[in-house]
Amino acid sequence: DTAVSQTPKYLVTQMGNDKSIKCEQNLGHDTMYWYKQDSKKFLKIMFSYNNKELIINETVPNRFSPKSPDKAHLNLHINSLELGDSAVYFCASSAQQGRTEAFFGQGTRLTVV
Amino acid sequence: GNSVTQMEGPVTLSEEAFLTINCTYTATGYPSLFWYVQYPGEGLQLLLKATKADDKGSNKGFEATYRKETTSFHLEKGSVQVSDSAVYFCALSVNTDKLIFGTGTRLQVFP
């Protein structure tokens with residue numbers, strides 16, 4: 001069983017489109033995250049949710065909207081995609097925010113053309 | 001603010017060589033420190049961690065010691081293998097805040 005699973009693994013889309021990435025964790029964790037990894041492998045947190053409540057929003061454009069229907073799911077919706085949104089997006093979860101190990105999904109490679 | 005600085009890569013080694021990847025940090029408060037590894041095409045996996053000064057984290061032959069006096073958490077392995085080729089990330093978290101990552105260091109091991 002995959003602990004943190006994301007879909008899709010690859011996403012190619014045109015500028016201006018709206019797309020969603022889904023994430024599910026079966027670890028029973030309370031905290032979930034979205035990270036963005038750019039072409040130079042630099043990882044930056046975008047959002048953090050704890051028990052469906054938004055905890056961290058790191059100055060991400062309004063075009064990005066996370067949604068957590070329950071504590072096992074954290075989806076990412078992106079409106080009006082831009083070329084600069086091309087990156088690998090990682091979902092992660094942890095039992096306790098910050099102190100404990102974060103488990104990462106395999107990533108979604110988003111390419112905007 | 002809180003930040004992590006890692007040595008730039010790539011680090012290129014022959015099999016069985018000794019590995020050191022330097023990591024230093026700046027933090028307010030008392031951070032927990034982590035090393036994550038990312039194999040090609042995969043997500044990050046926790047390699048080891050240390051939650052207080054002088055703790056040593058170890059896993060799969062890798063070690064790192066939390067040095068408060070030098071604000072460092074250098075990753076070491078005595079004898080690397082080709083299968084260790086990956087990108088290694090140093091990270092910290094303070095209290096219950098988010099994980100902050102370094103820029104990553106690519107390790108390439110050749111037979």
Side-chain angles (χ1 to χ4, degrees), chain A residues 2-10 21 23-25 27 29-51 53-60 66 74 87-109, chain B residues 1-11 21 23 25 27-52 55 57-59 64 66 85-108:
Chain A
T2 305
V4 181
S5 58
Q6 297 177 227
T7 54
K9 190 170 182 181
Y10 299 97
I21 307 171
C23 178
E24 175 182 5
Q25 54 97 0
L27 299 166
H29 288 165
D30 285 341
T31 306
M32 295 185 73
Y33 312 82
W34 278 109
Y35 283 84
K36 180 179 179 181
Q37 186 175 46
D38 63 22
S39 59
K40 295 183 179 178
K41 296 288 189 184
F42 184 64
L43 267 165
K44 193 167 190 306
I45 192 166
M46 301 173 69
F47 301 103
S48 167
Y49 269 72
N50 189 56
N51 247 324
E53 182 184 345
L54 180 65
I55 302 297
I56 294 172
N57 180 344
E58 286 284 306
T59 59
V60 177
L74 181 61
V88 181
Y89 292 84
F90 286 101
C91 177
S93 73
S94 65
Q96 180 186 3
Q97 188 171 334
R99 282 287 182 197
T100 57
E101 175 182 359
F103 290 79
F104 283 76
Q106 287 206 309
T108 296
R109 181 175 293 279
Chain B
N2 301 320
S3 65
V4 175
T5 302
Q6 281 182 245
M7 62 189 288
E8 291 219 13
V11 174
I21 299 178
C23 171
Y25 67 88
T28 53
Y30 302 98
S32 291
L33 301 173
F34 306 84
W35 276 101
Y36 281 81
V37 58
Q38 185 178 27
Y39 297 103
E42 297 185 13
L44 280 75
Q45 305 170 28
L46 180 69
L47 182 59
L48 52 84
K49 68 179 182 182
T51 57
K52 61 183 188 297
D55 270 1
S58 60
N59 185 27
Y66 188 143
S85 299
V87 181
Y88 292 81
F89 292 89
C90 186
L92 68 80
S93 69
V94 180
N95 298 323
T96 56
D97 203 358
K98 56 188 178 288
L99 272 172
I100 295 171
F101 287 91
T103 51
T105 302
R106 182 179 299 278
L107 170 65
Q108 297 174 321

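Remember, predicted model here, so these are calculated numbers, not experimental data.
Chain B forms the most heavy-atom pairs under 4.5 Å with one residue out of A:V4, A:I45, A:V88, and that residue is A:I45. Of the residues considered (A:K9, A:R109, A:E58), A:E58 shows the highest number of contacts with chain B, using heavy-atom pairs under 4.5 Å.
Only the side chain of A:Y35 comes within contact range of chain B, judged by heavy atoms closer than 4.5 Å. Of the atoms belonging to A:K40, it is backbone heavy atoms, and not side-chain ones, that fall under 4.5 Å from chain B. Of the atoms belonging to B:Q38, it is side-chain heavy atoms, and not backbone ones, that fall under 4.5 Å from chain A.
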Residues A:Q6, A:E24; criterion side chain to side chain contact (heavy atoms under 4.5 Å, CB included); working and verdict: CA-CA 7 Å; A:Q6 297 177 227; A:E24 175 182 5; over 6 Å; no
Verdict with reasoning, B:T103 to B:Q6, per side-chain hydrogen bond (donor to acceptor under 3.5 Å, both in side chains): CA-CA 6 Å; B:T103 51; B:Q6 281 182 245; 5.1 Å; no
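Nearest approach of B:P31 to B:Y66, heavy atoms of both residues: O-OH, 2.7 Å.
Taking the ring centroids of B:F101 and B:Y36, they lie under the 6.0 Å cut-off.
B:Y39 and B:S85 share no donor-acceptor pair across their side chains, judged by distance under 3.5 Å alone.
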